[in-house]
Amino acid sequence: MSPMHFILNSTFILGLMGLALNRYHLLSALLCLESMLLTLFISIAIWTLTLNSTSCTITPMILLTFSACEASTGLAILVATSRSHGSDNLQNLNLLQC
């Protein structure tokens with residue numbers, strides 16, 4: 001395994017572990033998701049560069065578009081949650097009270 005693959009894999013796994021283990025604030029969960037998506041973007045961009053194929057060059061841009069949509073949706077949920085509940089603590093959220 002090359003050092004680049006090791007760094008990208010460890011970055012993705014660190015984001016996944018942060019998402020799984022750190023469940024206190026909604027903002028930290030959103031940041032972990034964003035780091036995972038950016039790692040995937042870099043991985044796919046490097047993959048398309050090494051393949052030298054023109055058929056897969058749009059894939060990183062599609063992933064980046066979905067990442068931007070995920071970030072804007074997450075921030076909208078964060079603002080709505082902090083306005084309705086007063087904080088972004090995930091322990092205070094109860095879906096049955098909506």
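These values consider heavy atoms only, across backbone and side chains, with no hydrogens, waters or symmetry-generated copies.
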Report the distance from atom OG of Ser87 to atom NE2 of His25, rounding to the nearest 0.5 Å.
8.0 Å
Hydrophobic clusters here meaning ILVMFWY residues chained together by side-chain heavy-atom distances under 4.5 Å, can you tell me if Leu19 and Ile13 are in one?
no
CD1 on Ile42 to OG1 on Thr11, rounded to 0.5 Å
8.0 Å
Nearest 0.5 Å please: distance from the CG atom of Asp88 over to the OH atom of Tyr24.
9.0 Å
Spell out, yes or no, whether Ile62 and Phe41 are grouped together once hydrophobic residues are joined by side-chain heavy atoms under 4.5 Å, including indirect joins.
no
Looking only at non-hydrogen atoms, find the nearest pair between Ser35 and Gly15 and report the distance.
OG-CA, 3.8 Å
Value for OG1 (Thr59) from CG (Leu40), rounded to nearest 0.5 Å, stands at 12.5 Å
Pairing residues for Thr81 by the side-chain contact (heavy atoms from CB on, under 4.5 Å) criterion, not counting sequence neighbours:
Leu26, Ile77, His85, Leu93
Who pairs with His5 by side-chain hydrogen bond (donor to acceptor under 3.5 Å, both in side chains), at least two apart in sequence or on another chain?
Ser2
Do Leu38 and Leu31 share a hydrophobic cluster (ILVMFWY, side-chain heavy atoms under 4.5 Å, transitive)?
no
How long is the straight-line distance from CG of Leu16 back to CG of Leu33, given to the nearest 0.5 Å?
9.5 Å
Using side-chain heavy atoms (C-beta onward) and a distance below 4.5 Å, is Leu30 in contact with Glu70?
yes
Does the side chain of Trp47 come within less than 4.5 Å of Leu51's, by heavy atoms?
yes
Are Ile46 and Leu8 side-chain neighbours, meaning at least one heavy-atom pair lies under 4.5 Å?
yes
Shared ILVMFWY cluster between Met4 and Met36, side chains joined below 4.5 angstrom?
yes
Heavy-atom donor-acceptor pair, Ser67 side chain to Leu63 backbone, under 3.5 Å:
no
Look up atom CG in Leu64 and atom SG in Cys69, then write down how far apart they are to the nearest 0.5 Å.
10.0 Å
Would a 4.5 Å heavy-atom cut-off, applied to side chains only, mark Thr48 and Pro60 as touching?
yes
